[in-house]
Amino acid sequence: MVSHPPLEPMRPVSVAPDQWQSVPAWKTLLVLAVSASAAASTLALPNTAARVTVAAVAVIVAVVLAVASTRRTVRESGDQRIFWLRGPAVRRRDVDLLQSCSGSALFVGALALNAVPGWYWWVTATVVVWVLPPLVLQARHNRRI
């Protein structure tokens, strides 16, 4: 029999972490400060047309950011189901800044619509418009898997 010399110990290998870095606290605080100032300035708008315009723009921004966040979550989940109540199995970040900004924009839009006399039911329609596209994307992803 041929005897082989003992193997040398392996070198340490660095492996990339599974989790991405969390959003820095200053960014989260900045989002809160911007949304608070936008909400306060929304209440100071002079007339109904200005409030409706701000609300429409804010809702469009909120829906676009929510769809972008959901598409990124679907892409990161790959071939794994995204649970409805628990969230995705693969969560690359602790706080999704796109989703946070989307919620803040929705808050500004709902506040602007709430300040318009007689348009209170539009707040509910705004929330439905914000929730529906991400739900459709998630359902389509889960059905594909």
Do S77 and H141 come close enough that some side-chain heavy atom pair is under 4.5 Å? yes
Are R72 and D96 side-chain neighbours, meaning at least one heavy-atom pair lies under 4.5 Å? yes
Does CH2 belonging to W84 count more than 12 external heavy atoms closer than 6.0 Å? yes
Decide if atom CZ of R143 counts as having more than 12 heavy atoms of other residues, nucleotides or ligands within a radius under 6.0 Å. no
Counting only pairs under 3.5 Å, give me each side-chain donor-acceptor contact of residues 109-116, with atom names and distances, residues two or more places apart or in other chains.
none

Please answer whether the main-chain N or O of [Y] pairs with a side-chain N or O of [X] as donor and acceptor at a distance below 3.5 Å.
| X | Y | value |
| --- | --- | --- |
| T126 | W122 | yes |
| S69 | L65 | no |
| R81 | I145 | no |

If two hydrophobic side chains count as joined below 4.5 Å and joins carry through other members, does L98 share a cluster with V63? no
Taking atom NZ of K27 and atom CG of L97, what is their separation to the nearest 0.5 Å? 6.5 Å
To the nearest 0.5 Å, what is the distance between CZ (R144) and CG (D79)? 8.5 Å
Counting only pairs under 3.5 Å, give me each side-chain donor-acceptor contact of residues 131-138, with atom names and distances, residues two or more places apart or in other chains.
| unit_1 | atom_1 | unit_2 | atom_2 | d |
| --- | --- | --- | --- | --- |
| Q138 | NE2 | I82 | O | 3.3 |
| Q138 | NE2 | F83 | O | 3.3 |

